[in-house]
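Numbered from 1 within each chain, the chains take letters A, B, ... in sequence-line order. Keep in mind that what you see is a predicted model, and the values were worked out from it rather than measured.
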Amino acid sequence: MTSPFDVSPELLAWDGDVPRARRLQSELAARVRLHDDDGPEPHRVAGVDVGFEEGGAITRAAAVLLDAATMQPLAEVVARLPTRMPYIPGLLSFRELPAVLAALAQLPHVPDLILVDGHGVAHPRGLGIAAHLGVITGLPTIGVAKKILVGTHDAIGPSRGERAPLMHRGRMIGTALRSKDGILPLIVSPGHRVSHATAVERVLACGRGYKLPEPTRLADRLASRRDRRPL
DNA sequence: GCGACAG
DNA sequence: ATCTTGTCGC
């Protein structure tokens with residue numbers, strides 16, 4: 001049984017060459033599928049997020065597996081790896097995916113869908129971290145970001161569920177979605193094997209009253225909690 | 001050349 | 001992302 005998270009290193013290799021990394025992104029972006037699979041609804045959904053320790057020297061990725069129907073957590077895992085590169089806008093996935101893959105590989109089941117903290121195709125070259133993860137694993141993914149990297153959108157109504165398309169170079173690359181009344185909108189974009197409409201639908205379906213959908217909200221909590229200092 | 005710039 | 005206490009609002 002080969003795990004989908006056991007990917008070829010060349011698909012996310014970082015050697016300090018920015019132009020080369022960008023070329024790889026463009027190549028992989030051509031493999032992104034923005035269509036829904038026909039078949040049953042996802043049974044298990046995972047949420048992933050990354051945090052840092054030791055002043056950034058250690059990258060800590062957290063993955064949480066949940067029952068898609070109830071949003072009850074089934075498993076929570078964490079992976080720590082030495083940080084290999086700095087944050088470079090547009091190249092986030094090269095910095096964070098190694099740890100994310102290590103965390104996902106520890107889950108007891110392969111998820112039917114993965115929600116990632118970051119962008120999907122709402123990226124300069126169409127390959128944000130969610131799209132990159134989807135293409136190299138072959139699994140359906142959705143990007144859920146808190147800020148725009150590229151693109152613009154019109155004003156959005158104040159109620160949960162209201163939205164506006166995120167446009168870039170005349171193309172829709174994502175959706176600015178009000179996930180909670182009166183709160184700044186989330187930026188939702190397909191990562192792989194999901195349409196724009198379904199990406200938004202799934203994020204709303206995973207909502208439990210908070211700004212972030214449950215999968216990434218729980219992963220966020222695991223990835224960035226400074227160890228509780230009990231007395 | 002001057003900003004903008006996921007996490 | 002991370003460094004950090006209190007404070008405003010539901």
Side-chain angles (χ1 to χ4, degrees), chain A residues 12 14 18-19 21-22 25 28-29 32 47-64 78-104 114-135 141-153 158-160 166-169 173-192 199 203 208-213 215-229:
Chain A
L12 56 155
W14 168 252
V18 173
R22 289 181 177 160
Q25 290 183 315
L28 295 177
V32 170
V48 299
D49 188 31
V50 172
F52 296 87
E53 303 175 353
E54 308 301 311
I58 299 298
T59 299
R60 174 172 63 191
V64 179
V78 170
R80 292 183 177 72
L81 289 179
T83 303
R84 322 190 311 174
M85 72 175 275
Y87 166 67
I88 299 175
L91 298 183
L92 176 71
S93 59
F94 291 87
R95 170 175 160 92
E96 305 189 343
L97 282 185
V100 167
L101 290 167
L104 287 169
I114 304 173
L115 265 53
V116 185
D117 191 308
H119 294 290
V121 299
H123 173 279
R125 290 166 293 285
L127 198 84
I129 185 168
H132 197 162
L133 175 65
V135 169
T141 60
I142 294 173
V144 181
K146 304 175 212 58
K147 299 175 184 174
I148 291 173
L149 175 57
V150 290
T152 58
H153 65 78
S159 311
R160 166 179 162 83
L166 178 66
M167 306 297 290
H168 184 54
R169 297 177 181 172
I173 59 172
T175 303
L177 174 69
R178 191 83 67 186
S179 55
K180 182 173 171 21
D181 290 5
I183 294 305
L184 291 176
L186 288 179
I187 306 301
V188 178
S189 62
H192 186 52
V203 169
R208 297 281 99 142
Y210 297 92
K211 171 172 182 170
L212 297 179
T216 52
R217 190 180 76 82
L218 296 181
D220 218 90
R221 205 219 293 191
L222 257 189
S224 64
R225 78 181 185 198
R226 289 188 304 175
D227 276 315
R228 308 294 183 184
R229 290 257 37 161

* May I have the distance from A:D220 (atom CG) to C:dT2 (atom P), rounded to whole angstrom? => 9 Å
* **Backbone N/O of A:I114 and side chain of A:T141: donor-acceptor pair under 3.5 Å** => no
* Structure fact -> Side-chain contact check for A:K146: nearest option of C:dT2, B:dA6, B:dG7 is B:dG7
* A:G51 near the nucleic acid: base, sugar-phosphate alone, or nothing, with a heavy-atom cut-off under 4.0 Å? -> sugar-phosphate
* Asked: Where do A:I148 and A:H153 come nearest, in terms of heavy atoms and distance?
  -> CD1-CD2, 3.6 Å
* Rounded distance in Å - CD (A:E54) to P (C:dA1) -> 18 Å
* Value in whole Å for how far the P atom of C:dT2 lies from CD of A:E96 -> 10 Å
* To do: Give, for atom OG of A:S179 and atom CG of A:L212, the distance between the pair rounded to the nearest 0.5 Å.
  => 7.0 Å
* To do: Look at the side chain of A:D49 and decide which nucleotide, out of C:dT2, C:dC3, B:dG7, has an atom nearest to it.
  => B:dG7
* To the nearest Å, how far apart are A:R95 CZ and C:dT2 C1'? -> 10 Å
* Side-chain ion pair, A:D117 and A:K146, N-O less than 4.0 Å -> yes
* Asked: Once the angle between the rings of A:F94 and A:W14 is folded into 0 to 90°, is it parallel (under 30°), tilted (30 to 60°) or perpendicular (over 60°)?
  -> tilted
* Please report, rounded to the nearest Å, how far the P atom of C:dA1 is from the CZ atom of A:R221. => 16 Å
* Value in whole Å for how far the C1' atom of B:dA6 lies from CG of A:L184 -> 15 Å
* Pairwise side-chain contact, A:T59 with A:F52, heavy-atom cut-off 4.5 Å (strictly under) -> yes
* To do: Kindly say whether A:L115 contributes a backbone atom to a donor-acceptor pair with the side chain of A:T216 at under 3.5 angstrom?
  => no
* Whole Å only: how far is the CG atom of A:L149 from the P atom of B:dG7? -> 9 Å
* Are any side-chain N or O atoms of A:H192 and backbone N or O atoms of A:H132, one a donor and one an acceptor, separated by less than 3.5 Å? -> no
* **Positions of residues 81-93 of chain A (non-hydrogen atom under 4.0 Å from DNA chain B), listed by number** => A:Y87, A:P89, A:G90, A:L91, A:L92
* Gap between atoms CG and C1', on A:L212 and B:dA6 respectively (whole Å) -> 14 Å
* Taking the side chain from A:R60 and the backbone from A:G51, do they hold a donor-acceptor pair closer than 3.5 Å? -> no
* Asked: In residues 120-127 of chain A, what residues come within less than 4.0 Å of DNA chain B, judged by heavy atoms?
  -> A:H123
